[in-house]
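Report on one structure; see the data block that follows.
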Amino acid sequence: MNTADLFRNAIHPERRDEPLCDGAVVLRGFALPNETMLLQAIDMVVAQAPFRHLITPGGFRMSVGMSNAGTLGWVSDRRGYRYDPIDPDSGKYWPSMPDIFLRLAGSAAAQAGYAGFVPDACLINRYEPGTRLSLHQDRNERDFDQPIVSVSLGIPAVFLFGGMQRADPQIRVPLGHGDVVVWGGPARLRYHGVLPLKPNHHDALGSSRINLTFRRAG
Ligand code: SIN
Ligand code: FE2
């Protein structure tokens, strides 16, 4: 542990770095100091681009509610998964990336060893009890040298972190409000997902969990 970590962990004993594998780490409580600004920024984005349930290429309605900020937004429909600068619901550009998003994503990536990360896409996922995200790889991005930064807010969830093959064993990582997971390098294409959420309550977000996934998509 370096001096900065010792200092940080002394102030926030709940903040620890937990390696998951080569290239991936959980930064416990990393987003907590920015909590209020983050929640305000999320409200501003979803006022312009409300959460919606996208349809998978196979015709299923996703249980996770989704929105985006940034120059590119992740979308799914019968034609496939892709990044699009336009919100298909409004016909307008996605809301721009709030400054606090950029700063948080950049500093979390740097803390995990990926300096210079500048995301152009933030997918905002809203989970309710019973909502899940099935096992998948993030592979719609152009450059797999860029890491992924995932910020958990609200009620807890269990993150599944697997290997490079769908059938590889997965570890179960409990994630709570303010935890950040970063994966890149040799871990960039690992399968991952979220188990169905259990009913719970969070003071700021009620019965929901909001996850911000930052990527360099274009
Ligand atoms: C994702 O894989 O896109 C999101 C994961 C999460 O909600 O923790
Ligand atoms: Fe993902």
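Quick caveat: nothing in here was measured; it's all calculated off a predicted structure. When a ligand or atom number is given, it counts from 1 through the structure's own listing order.
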Worksheet item: What are the two closest heavy atoms between E141 and R216, and how far apart are they?
Response: CB-O, 3.7 Å
Discussion item. Ring-plane angle category for F159 and W183, please: parallel below 30°, perpendicular beyond 60°, tilted otherwise.
Written reply: tilted
Fill in: L205, I100, N34 screened by side chain to side chain contact (heavy atoms under 4.5 Å, CB included) with L39, the one that passes
L205
Worksheet item: Can you tell me the angle formed at the Fe ion (ligand 2) by NE2 of H192 and OD1 of D138, to 10°?
Response: 90°
Worksheet item: Which protein residues have a heavy atom under 4.0 Å from ligand 1?
Response: N125, Y127, L133, H136, S150, F159, H192, V194, R209, N211, T213, R215
Worksheet item: Does a donor on one side chain sit under 3.5 Å from an acceptor on the other, for R132 and S63?
Response: no
Worksheet item: Is atom CZ of R82 surrounded by more than 12 heavy atoms (other residues, nucleotides or ligands) closer than 6.0 Å?
Response: yes
Worksheet item: Atom CZ in F101, atom CG in L212: separation rounded to 0.5 Å?
Response: 5.0 Å
